[in-house]
Number of protein chains: 2
Amino acid sequence: MNKETREKLLDAFYAKCRESRLSVTPQRLAIYKTLIGNKEHPSPEMIFKDVQSQFPMISFATVYKTLETFEQNGIVSKVTHLHNTLRYDPMTEQHHHIVCKRCKKIIDIDSTEIETLKIPSQVTKDHIFIDYDVHFNVICAECKMKE
Amino acid sequence: MNKETREKLLDAFYAKCRESRLSVTPQRLAIYKTLIGNKEHPSPEMIFKDVQSQFPMISFATVYKTLETFEQNGIVSKVTHLHNTLRYDPMTEQHHHIVCKRCKKIIDIDSTEIETLKIPSQVTKDHIFIDYDVHFNVICAECKMKE
DNA sequence: TTTTTATATTATAATCATTCCTAAATCAAA
DNA sequence: TTTGATTTAGGAATGATTATAATATAAAAA
Ligand SMILES: [Mn+2]
Ligand SMILES: [Mn+2]
Ligand SMILES: [Zn+2]
Ligand SMILES: [Zn+2]
């Protein structure tokens, strides 16, 4: 990643923080800098270790909290859905799901309702393709009402 | 769900167990029966509670182990991906991922490589649609080599 | 049917990721 | 600068999952 892209992303970070009324603390900046250009989709632990080298006093709780805050303000995104517990399905044929972000309800999608994706060459090229899953993230009717 | 469908699923269960050399224990049968026709995509805890009512001595470990065994033998499937730790992404624009089932490596897919899905009416009908994610599950080159 | 042997189960302890808590520190608005 | 709100560090607490080891059981063999 070149210097200008980096500068631009940093500027955008400051802008978003201002917009969202988030203080730009040294910890937050360090965490964000660790993420810029990071293609690993890192876990909180990886980020913690990374930041720790330049910032020995940082705490785990800060990393978790900061990432959560960043996500809520559109500064980073989460790759993992339904993270807190395992969920099983007796239906083993490929099908896809609607997932409520609030209550974690999972609903099957009618297979006829969704077109089949062509597998990108990037997938087949270097890897053994197994299958793919689509999650439609929503706020369900019940959760919508509760607002 | 009618009786015949149920019978058929149970027969298939016995067949799969025979095929995979899995003993059909009362616990396994009870767990499978709980799953038949279950549309909730239940967690191990939900399954445990359900089975417990007819099988008071069952242990949590049995439920976990059984579900894992079932999954490895194609008897049930897991809805949750990348379940054990959170993973973050500095790129907030919608894009999709290749995920290695073994090492949990996550790779971005070139947006130009994948067509856009039409949002099924089932999704928009009752829910507030937010976005969707596609995970291509693979065994990556490195993991393939290690075999 | 009995014996045998591998496999499965239970109960409990251990682990791991994540969240909670609180006093102290820091930020930014006035 | 003062002030009030926000953020942090550090450690304890929680909750999900996994490991362990002794006992029980299923199913293959005799
Ligand atoms: Mn399903
Ligand atoms: Mn990504
Ligand atoms: Zn909901
Ligand atoms: Zn891999």
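Letters go in sequence order (proteins before strands), and every chain restarts at 1. Computed from a predicted model, the values in this text were never measured in an experiment.
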Q.
At less than 4.0 Å, is any side-chain N or O atom of A:Thr62 found next to OP1 or OP2 of D:dA9? Yes or no.
A. yes
Q: Respond yes when some side-chain nitrogen or oxygen of B:His83 is under 4.0 Å from OP1 or OP2 of D:dT17, and no when none is.
A: yes
Per [X] side chain, nearest of listed nucleotides [options]:
X: B:Arg28; options: C:dT9, C:dA17, D:dA9; answer: C:dT9
X: A:Tyr64; options: C:dT18, C:dT9, D:dT17; answer: C:dT18
X: A:Ala61; options: C:dT9, D:dG11, D:dA19; answer: D:dG11
X: A:Pro26; options: C:dT10, C:dC27, D:dA9; answer: C:dC27

To the nearest angstrom, how far is [X] atom [atom1] from [N] atom [atom2]?
X: B:Asn84; N: C:dA17; atom1: CG; atom2: C1'; result: 9 Å
X: B:Gln27; N: D:dT25; atom1: CD; atom2: P; result: 9 Å
X: B:Leu22; N: C:dA6; atom1: CG; atom2: P; result: 17 Å
X: B:Phe48; N: C:dA11; atom1: CZ; atom2: C1'; result: 11 Å
X: B:Lys78; N: D:dT17; atom1: NZ; atom2: P; result: 10 Å
X: B:Arg21; N: C:dT7; atom1: CZ; atom2: P; result: 11 Å
X: B:Lys65; N: D:dT25; atom1: NZ; atom2: P; result: 17 Å
X: A:Met57; N: C:dA24; atom1: CE; atom2: C1'; result: 13 Å

Q: Under 4.0 Å between any heavy atoms, over every strand shown, what does A:Ser23 touch: base, sugar-phosphate, or nothing? Just pick one.
A: sugar-phosphate
Q: Have a look at A:Pro56 and say if it touches a base, only the backbone sugar-phosphate, or nothing, with a 4.0 Å heavy-atom cut-off.
A: nothing
Q.
More than 12 heavy atoms of other residues, nucleotides or ligands under 6.0 Å from NZ of B:Lys65: yes or no?
A. no
Q | Contact nearer the 5' end of DNA chain C, comparing B:Thr66 with B:Thr85 | A | B:Thr66
Q | Value rounded to 0.5 Å, distance of NE2 in B:His135 from OH in A:Tyr132 | A | 14.5 Å
**Q.** B:Pro44 vs B:Thr25, nearer the 5' end of DNA chain D by closest nucleotide
**A.** B:Pro44
Q.
Is it true that A:Asp108 and A:His96 share a donor-acceptor pair across their side chains at a distance under 3.5 Å?
A. no
Q. Are the aromatic ring centres of A:Phe70 and A:Phe13 under 6.0 angstrom apart?
A. yes
**Q.** Heavy-atom side-chain contact between B:Ile107 and A:His127 under 4.5 Å
**A.** yes
